[in-house]
Amino acid sequence: QVQLVESGGGLVQAGGSLRLSCTASGSIFSIDAMLWYRQSPGKVREWVAQITDGGITSYADSVKDRFTIFRGNAKNTMYLQMNSLKPEDTAAYYCNALIKVNNNDPLTNYWGQGTQVTVSS
């Protein structure tokens, strides 16, 4: 059983910073890409950023130069450093990972439960 658990959300004023974390646990052979998505009420879930197992990162234009995604020394942990936060960044943030449970298994998509980020103006 694989679990992804996010933490670090909260309430912050515009211009402030937060750091989200995501930890994968359970029976894991390898983790390929790890991603962050977000979803605001009434809107579709949108991709925010991703990092490959080789450390290659990419970002949505809306967060580029403000957010930084990185993985911890333990490769099952991922972070999202969010700076210069804006009210429009308010959303539930979800961790997503492509994981192999066993060597011969295909990559499987796993999701965390989400952590709420609220940015006040």
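Only this structure's heavy atoms are used, side chains among them; waters, hydrogens and symmetry mates stay out.
- Using a 4.5 Å heavy-atom cutoff, the side chains of Thr108 and Val101 are not in contact.
- Smallest separation of non-hydrogen atoms from Ile31 and Ala97: CG2-CB, 4.4 Å.
- Contact annotation: the side chain of Val63 never approaches that of Leu80 to less than 4.5 Å [non-hydrogen atoms, C-beta and beyond].
- Leu98 is listed as a side-chain neighbour of Asn109, based on a closest heavy-atom distance under 4.5 Å.
- Trp111 places none of its side-chain heavy atoms less than 4.5 Å from the side chain of Cys95.
- Put simply, the side chain of Asp53 reaches to within 4.5 Å of the side chain of Arg71, judged on heavy atoms.
- Phe67 CZ to Leu85 CG: the interatomic distance, rounded to the nearest 0.5 Å, is 5.0 Å.
- Between the side chain of Glu6 and the backbone N or O of Gln113 there is at least one donor-acceptor pair closer than 3.5 Å.
- Evaluation of the side-chain hydrogen bond (donor to acceptor under 3.5 Å, both in side chains) rule for Trp47 yields Gln50 as partners, not counting sequence neighbours.
- Sorted by first and then second residue, the pairs that involve residues 83-92 and meet side-chain hydrogen bond (donor to acceptor under 3.5 Å, both in side chains), not counting sequence neighbours, are Ser17-Asn83, Arg38-Asp89, Arg66-Asp89, Gln81-Asn83.
- A donor-acceptor pair under 3.5 Å is absent between the side-chain atoms of Asn96 and the main chain of Gly112, judged by distance alone.
- When all heavy atoms are compared, the tightest approach of Gly9 to Val117 is CA-CG2, 4.2 Å.
- In terms of heavy atoms, Leu4 sits closest to Ala24 at CD2-CB, 3.3 Å.
- For the pair Ala14 and Ser121, the tightest heavy-atom approach, listed with the atom from each and the gap, is CB-CA, 4.3 Å.
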### Message
Using the rule given for ring-ring contact (aromatic ring centres under 6.0 Å, His included), can you reason through Tyr94 versus Tyr37, listing the C-alpha separation, both sets of side-chain angles and the distance that settles it, and then say yes or no?
### Response
CA-CA 5 Å; Tyr94 296 89; Tyr37 285 79; 8.7 Å; no
### Message
The test is side-chain contact (heavy atoms from CB on, under 4.5 Å); show your working for Leu20 and Met82 and say whether it passes.
### Response
CA-CA 8 Å; Leu20 306 183; Met82 306 185 295; 3.7 Å; yes
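- Across all their heavy atoms, Tyr59 and Ile69 have their closest contact at OH-N, 2.9 Å.
- Remark: Asn76 CG to Ser30 OG distance equals 12.5 Å, nearest 0.5 Å.
- Residues passing the side-chain hydrogen bond (donor to acceptor under 3.5 Å, both in side chains) test with Thr68, sequence neighbours excluded: none.
- Within the 3.5 Å criterion, the main-chain N or O of Lys100 finds no donor-acceptor partner in the side chain of Asp105.
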